[in-house]
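We count residues from 1, following the sequence as given.
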Amino acid sequence: MQSYTIGQAARLLGVSSDTVRRWADAGRVATHRDDGGRRLIDGRDLAAFSVEVAQSAAGDEDVPYTSARNAFAGIVTAVKLGDVAAQVELQAGPHRLVSLLTREAVEELGLEVGMRATARVKSTSVHIDRT
């Protein structure tokens with residue numbers, strides 16, 4: 001069973017290490033100590049907790065009705081406008097997402113660097129690499 005340090009768990013959850021420590025101290029996620037005294041979270045416990053965190057966060061905002069289940073809330077970091085097409089980059093936690101869309105769509109949405117946005121992904125082909 002793979003275990004994760006507080007820092008690794010924080011990066012995977014998209015929060016600070018202090019937040020994960022507070023959650024652990026409050027008993028929201030179980031930890032144990034390794035031989036060096038570091039606090040670790042078992043992989044299965046972290047997986048279950050990440051689902052819980054995502055579900056509770058989903059209730060914080062008005063979520064539109066959509067069939068796209070993979071939503072990445074973040075901040076727009078770049079907007080490149082062409083005559084017809086546009087490229088928008090979004091940083092969602094550790095994830096950089098790039099979307100190609102029409103210039104008209106970017107203008108209608110009023111997308112600008114620094115604003116909050118959500119990238120929604122629906123795909124029939126998703127690749128998963130073991131890390």
Value rounded to 0.5 Å, distance of CZ in Arg21 from OG1 in Thr31: 11.0 Å

Smallest separation among heavy atoms of Gly110 and Met115, with atom names: O-SD, 3.1 Å

CA sep, side-chain torsions, deciding dist, call: Arg120, Thr118, side chain to side chain contact (heavy atoms under 4.5 Å, CB included): CA-CA 6 Å; Arg120 296 194 185 279; Thr118 300; 4.1 Å; yes

With sequence neighbours excluded, residues passing side chain to side chain donor-acceptor pair (under 3.5 Å) with Thr19: Ser16, Arg22

Of all pairs that satisfy side-chain hydrogen bond (donor to acceptor under 3.5 Å, both in side chains), the ones with a partner from residues 76-88, not counting sequence neighbours: Gln87-Glu89

Residues which pass ring pair (Phe, Tyr, Trp, His ring centres under 6.0 Å) with His95, listed by chain and number, not counting sequence neighbours: Phe72

Smallest separation among heavy atoms of Val29 and Ile41, with atom names: CG2-CG2, 3.7 Å

Heavy-atom check, side chain of Leu40 versus side chain of Tyr4, under 4.5 Å: no

Side chain to side chain contact (heavy atoms under 4.5 Å, CB included) between Arg33 and Arg38, worked out: CA-CA 5 Å; Arg33 299 225 181 236; Arg38 294 183 309 167; over 6 Å; no

Asp45/Arg28 ion pair, N-O < 4.0 Å: no

Joint cluster assignment, Leu81 & Leu111, ILVMFWY side-chain distance < 4.5 Å: yes

Minimum side-chain heavy-atom gap Ile75-Leu90 below 4.5 Å: no

Within residues 106-115 or reaching into it, pairs that qualify as salt bridge (Lys or Arg N to Asp or Glu O under 4.0 Å) - sequence neighbours excluded: Arg103-Glu107

pair Val106-Leu101: side-chain heavy atoms closer than 4.5 Å: yes

Ser17 to Gly7 - nearest heavy-atom pair and separation: OG-CA, 3.6 Å

Non-hydrogen side-chain atoms of Thr5 and Asp34 separated by less than 4.5 Å: no

For Arg44, all residues meeting side chain to side chain donor-acceptor pair (under 3.5 Å), sequence neighbours excluded: none

Minimum side-chain heavy-atom gap Val15-Trp23 below 4.5 Å: yes

Set of salt bridge (charged side-chain N to carboxylate O under 4.0 Å, His left out) partners for Arg11, sequence neighbours left out: none

From Leu109, Leu97, Val76, residue fulfilling side chain to side chain contact (heavy atoms under 4.5 Å, CB included) relative to Val88: Val76

Gln8 to Ser3 - nearest heavy-atom pair and separation: OE1-O, 4.2 Å

Separation between CD of Glu52 and CG of Leu13, rounded to the nearest 0.5 Å: 10.5 Å

